[in-house]
Amino acid sequence: MKHLLKLEDWSTEEIINTLNLADQLKYEQKHGIEHKYLKGKTLGMIFEKSSTRTRVSFEVGMTQLGGYPLFLSSNDLQIGRGEPVEDTARVLSRFLDGIMIRTFEQSEVEALAQYGSIPIINGLTDYCHPCQVLADLMTIREFKGKLEGLKMCFIGDGNNMMNSLIVGALSTGMSFSAACPEGYMPPEHILEFGKKYGKDKFEIVTDPIEAARNADVVYTDVWASMGQEEEKKIREAAFAGYQINKELMAVTNSECMVLHCLPAHRGEEITADVFEEHANEIFEEAENRLHAQKAVLVECMADEKPEH
Ligand code: CP
Ligand code: NVA
């Protein structure tokens, strides 16, 4: 059974195949070509955190694939009142054909897969955001025509986004640099993942300008993620200066892309002028959530895979 629990579970070949399928599904959707590869299938979508893009893109994507998306808020499920995930997994597996879950603990997603008997897709945890990174890689390929040999630079928190970007970029032949304040680095095993690629390919520093030098893509995310609202003030102080702005863009390669998973806080991790200058890239990236996730849904849930 194929799940998407975290990106490091997928090989480079699986990632590239999914990006190719995503391109095909985008083409089919834009040209009105029917692609109901999940006819009659139901996807449960468990949300224990807020969402605009993930919820809407999975719901619309499932519908376009001929299936049915079922929104399940943890406020309404018994899971929100303490029913064990092991039991929820075994019950939902008898009704549904797949589950997308957005939650806090990565271990909850892993437990759903362990106890359930249907594909599980991670729609964001505190640890990672694999669906977002597939859409990001798809967008970079679309604008740059390749991934191999490009340099991605992340400015900000060593959080779920950065963890998945490290895996996604390095697995597809990009090099990766980041600037994080002391105390906000990614977890040790992600650093170990990166170090295996060597110093030429993977570097984390504290100086944003040093990290951004000769970048082909710069990426940022909010300073305080969902669940960290109480740390907002402390984080504003820690991340001051960790911003994508004109000065930072000046040291990147010409034609450097700017990506942001959204939602964005203008004046914090990115200035309004740089955001607007790169809005076509950022909103194509948001749209590509739909196409990339449709590819993930087909890869994990379809009885028969389309030729691509
Ligand atoms: N980027 C992203 O996952 O957006 P949502 O939180 O709106 O789903
Ligand atoms: N790091 C952010 C990403 C939102 C898509 C969060 O977890 O809130």
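Just so you know, these numbers use all the heavy atoms, side chains as well, and skip hydrogens, waters and symmetry mates. Atoms within each ligand, like the ligands themselves, are counted from 1 in listed order.
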What residue and atom, counting heavy atoms only, is the protein's closest point to atom 6 (O) of ligand 1, and at what distance? Arg102 NH1, 2.8 Å
Is it the side chain, the backbone, both or neither of Lys49 that has a heavy atom closer than 4.0 Å to ligand 1? neither
How about Glu110 and Gln114: does a side-chain donor come under 3.5 Å of a side-chain acceptor? no
N/O to N/O below 3.5 Å, does that happen between Leu262 and ligand 1? yes
For residues 29-63, pull every pair meeting ring pair (Phe, Tyr, Trp, His ring centres under 6.0 Å), keeping only residues two or more places apart or in separate chains. Tyr27-His31, Phe47-Phe71
Compute the shortest N/O to N/O distance between Pro263 and ligand 1 and return yes if it is under 3.5 Å, no if not. no
Applied to residues 262-307, the ring pair (Phe, Tyr, Trp, His ring centres under 6.0 Å) test, sequence neighbours excluded, yields Phe275-Phe283
Report yes or no: is the cationic atom of Lys49 (NZ for Lys, CZ for Arg) closer than 6.0 Å to the six-membered ring centre of Phe104, at no more than 45° off its axis? yes
Using distance alone, decide if ligand 2 has a nitrogen or oxygen within less than 3.5 Å of any nitrogen or oxygen in Ser225. yes
In this structure, atom 2 (C) of ligand 1 is nearest to the protein heavy atom Arg289 NH1, 3.2 Å
Which protein non-hydrogen atom lies closest to atom 7 (O) of ligand 1, naming both residue and atom, and how far is it? Thr52 N, 2.6 Å
More than 12 non-hydrogen atoms from neighbouring residues, nucleotides or ligands closer than 6.0 Å to NZ on Lys199, yes or no? no
